[in-house]
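Following: one structure in structure tokens, then a few remarks.
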Amino acid sequence: MPTKLYKQSQGRRIILMIVLIFSFLFICPGGSLTSSRAKKRAQSTVTGSYKYVLNTLEVLELPDHKVRISFSGFWPNDRKRVETRNVGTFDETVTLTGRTAIVKPEYGDGQCSITLEFKATRVVVTQEGYQCGFGFNVEADGTYLKVSSKSPALPPPEKRTSEF
């Protein structure tokens, strides 16, 4: 009889050890649940570099629900994409509401509005109006894929003056 009780208690110990090991895997920093939460947090930032055909977006999330967006857009003058291209750019800091930002480029005619809807691995850009201050046929529209989550190396923002 004593050996039967001993085997039962040893079996319970093994089960308890297995439960404890799995508990630690899910609770400790190296565990799978915690690391998947950390990955979600890392992906939740909109900071990074995005690309759509020839166009690029450099995005830097700032404090107080602000985001700095630097856009470079191109339209090749022929189908071979030689060096002659029409270009359009903006570098604006705007409010980030949830995961959406709306940019009204400084050099546009006031009718131009560019909406950026950030997803986990891409940003959907919708441009309304065509007088955005870009070169001929340059538009911001498209689904830009995230090519890097690193903070972009943006130059200091230009100081805007109204003196000419």
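Of the N and O atoms on the side chains of Thr45 and Glu61, at least one donor lies less than 3.5 Å from an acceptor on the other residue.
No side-chain heavy atom of Thr97 sits less than 4.5 Å from a side-chain heavy atom of His65. Counting heavy atoms from C-beta on, the side chains of Cys112 and Val103 never come closer than 4.5 Å. With contacts defined as side-chain heavy-atom distances shorter than 4.5 Å, the pair Arg122/Lys146 does not qualify. The shortest side-chain heavy-atom distance between Val94 and Ile102 does not fall under the 4.5 Å cut-off. Residues Leu116 and Val124 fail the side-chain proximity criterion, which asks for heavy atoms closer than 4.5 Å. Side-chain atoms of Leu62 and Arg68, non-hydrogen and from C-beta on, do get closer than 4.5 Å to each other.
Of all heavy-atom pairs spanning Lys119 and Arg99, the tightest one is O-NH2, 3.2 Å. Summarising the geometry of Glu92 relative to Phe90, their closest heavy-atom pair is CG-CD1, 3.8 Å, with the distance given to 0.1 Å. When every heavy atom of Phe74 is checked against every heavy atom of Leu54, the shortest pair comes out as CD1-O, 3.3 Å.
For Tyr144 and Tyr50, the distance between ring centers is not under 6.0 angstrom. Remark: aromatic rings of Phe71 and Phe134 are close, center separation under 6.0 Å.
Residues passing the side-chain hydrogen bond (donor to acceptor under 3.5 Å, both in side chains) test with Ser49 are Glu58, sequence neighbours excluded.
Transitive grouping of hydrophobic side chains (ILVMFWY, heavy atoms separated by less than 4.5 Å) brings Ile114 and Val87 into a common cluster.
Exactly one of Asn55, Val53, Val138 qualifies for a side-chain contact (heavy atoms from CB on, under 4.5 Å) with Trp75. That residue is Val138.
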